[in-house]
Amino acid sequence: MPVTSHIGFGIDIGGSGMKAAPVNMSESGQLVVERFRIPTPHPAKPEAVADVVVDLVRHFEWEGPVGIALPSVVRNGIVHSAANIDESWIDVDAETLFSSLLKHDVVVMNDADAAGVAEMSFGAGAGRRGVVSTLPFGTGFGSSLFVDGHLVPNSELGHLEFRGESFERWAAASARKREDLTWRKWARRVSRYLQTVDALFSPDVIIVGGGASKSAENWVPLLEVRPEIVVAEFANTAGIVGAAMSSIRS
Ligand code: BGC
C-alpha cells in the first residue's frame, strides 16, 4: 500500500482479535479497505502479539508509521496495566518493541483513548467543546476523557470502585451476558456508573460506544443520567481509526 500523507495505519489489539486497516485521515476517517483480523495469540505475551503485528502490517504491505491501540494504561510507550491482557505486558516498552520489528515509528496508546480520538475527530464528538467522555461498553470497560477537544489520556474510569469491586466487573457488557441480566437491569447498572462519572467530572456529553452500542435502542433510552448521551458512530473500527490518527506525533 503506497504511503501518502492522508493515509494512516491503525491496529487494535483486543482480547480475542487483532484488527488492522489503513485509514483515510483527511475525510471522515473511513477505512481505505476492509480491516483484516487475526485471532489474538494465547497466551497474549508481548513477543507473540508483536509477531502478529508484523503479519498485519505485512498483509497490507504497509510502509510507514503505525498506531497501535492496547487495552492498557500506556505512558510514553510503556505499558502500565494489564486488566484484560497477559500480565507480562506490565513495564514493557511497547513502542520500542513494535518499532524495532517494523522499522517504522510506532505510537502505542490505550484502546479506549484511541476510540475516543476517532469519535472526537469524525464521529459523535466532532466539534464538541467542554468535557466529553467516550465510554466503550465491551468485554472490558474503557473510557476516554476530552477537555475542549484535548485528550486526558488513560482515564480508566471503568476501574472506579463500586461496592468493593470495579464498575468494569459489575456493569460491563460482559457482566450483562455473564449474569444473564435483562436490558432494563443492565441499564440500571450503567446508569449508576454514569451517575458516578457525572459526579466526578460533570461531562457535557457522554458518548456510549463499543459492541453494546450496536443494540443501543435496547438500553440507551432506559438510562437515567443528567449529561447528554449520544451513541458512538464508529462501532468496531473506532480503535483502528483513532490509533491511525494518533500515529503521527504532533
Ligand atoms: C482496560 C482498559 C481498556 C478496556 C477496554 C479495561 O480492562 O483496563 O485499559 O480500555 O478494558 O479494552
Side-chain angles (χ1 to χ4, degrees), residues 10-20 35 37 39-44 46 49 52-53 67-92 94-95 107-120 123 125 132-146 151-162 165-178 186 189-190 193-194 196-197 200-201 203 206-214 232 234-243 245-246:
I11 301 179
D12 188 4
I13 300 177
S16 58
M18 296 176 50
K19 295 140 277 181
R35 67 184 187 158
R37 178 185 187 278
T40 307
H42 284 287
V49 168
V52 177
V53 162
I68 298 182
L70 210 60
S72 309
V73 169
V74 184
R75 246 181 282 137
N76 299 321
I78 298 173
V79 176
H80 289 281
S81 72
N84 276 316
I85 54 165
D86 197 87
E87 288 212 342
S88 56
W89 275 95
I90 292 186
D91 291 338
V92 167
E95 283 184 1
V107 170
V108 180
M109 68 193 300
N110 174 262
D111 57 356
D113 283 346
V117 168
E119 291 297 335
M120 294 301 286
V132 181
S133 183
T134 304
L135 304 175
F137 290 78
T139 314
F141 213 19
S143 68
S144 70
L145 200 59
F146 290 81
L151 173 67
V152 181
N154 299 307
S155 49
E156 291 287 5
L157 303 183
H159 293 291
L160 285 171
E161 204 178 298
F162 180 67
E165 59 183 351
S166 72
F167 269 110
E168 171 170 274
R169 178 89 191 134
W170 187 68
S174 48
R176 185 182 69 78
K177 290 183 188 144
R178 191 177 59 239
W186 184 63
R189 291 190 183 189
V190 174
Y193 169 59
L194 299 182
T196 303
V197 171
L200 289 170
F201 299 102
I206 293 177
I207 300 171
V208 293
S213 63
K214 281 184 262 170
F234 289 90
N236 293 330
T237 58
I240 297 175
V241 173
M245 297 195 54
S246 309

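As the structure lists them, so they are numbered: ligands from 1, and atoms in each ligand from 1.
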Quiz item: So is there a nitrogen or oxygen of S143 less than 3.5 Å from a nitrogen or oxygen in ligand 1?
Solution: no
Quiz prompt | Numbered atoms and elements of ligand 1 in range of A83, under 4.0 angstrom, heavy atoms | solution = 7 (O), 8 (O)
Quiz item: What protein heavy atom is closest to atom 6 (C) of ligand 1, reported as residue, atom name and distance in Å?
Solution: E168 OE1, 3.1 Å
Exercise. May I ask you to decide if S144's main-chain N or O and S133's side chain share a donor-acceptor pair within less than 3.5 Å?
Key: yes
Exercise. Provide, to 0.1 Å, the distance between atom 8 (O) of ligand 1 and the closest protein heavy atom, together with that atom's residue and name.
Key: H159 NE2, 2.7 Å
Quiz item: So does E165 have more than 12 non-hydrogen atoms from other groups sitting under 6.0 Å from CD?
Solution: yes
Quiz item: Which ligand 1 atoms, with their elements, are less than 4.0 angstrom from a heavy-atom of A112?
Solution: 10 (O)
Quiz item: Can you tell me the protein heavy atom closest to atom 9 (O) of ligand 1 and the distance?
Solution: E156 OE2, 2.6 Å
Quiz item: Checking D86 side chain against A44 main chain: does a donor-acceptor pair fall under 3.5 Å?
Solution: no
Self-check item: Spacing of D111 atom CG and I11 atom CD1 [to the nearest 0.5 Å]
Solution: 13.5 Å
Quiz prompt | Contact atoms of ligand 1, heavy-atom distance to G142 under 4.0 Å | solution = 4 (C), 5 (C), 10 (O)
Exercise. Answer side chain, backbone, both or neither: which part of S72 comes under 4.0 Å from ligand 1, heavy atoms only.
Key: backbone
Self-check item: Numbered atoms of ligand 1 (with element) below 4.0 Å of N84, judged on heavy atoms
Solution: 6 (C), 7 (O), 11 (O)
Quiz prompt | Top protein contact for atom 5 (C) of ligand 1, by heavy-atom distance | solution = D111 OD2, 3.5 Å
Practice problem: Check the angle between the aromatic planes of F141 and Y193 and answer parallel, tilted or perpendicular using the 30° and 60° thresholds. | Solution: tilted
Exercise. Using atom types as modelled and distance alone, determine if a side-chain donor or acceptor of E119 lies under 3.5 Å from a backbone N or O of F234.
Key: yes
Quiz prompt | Polar side-chain atom of R189 near backbone of W170 as donor-acceptor pair, under 3.5 Å | solution = yes
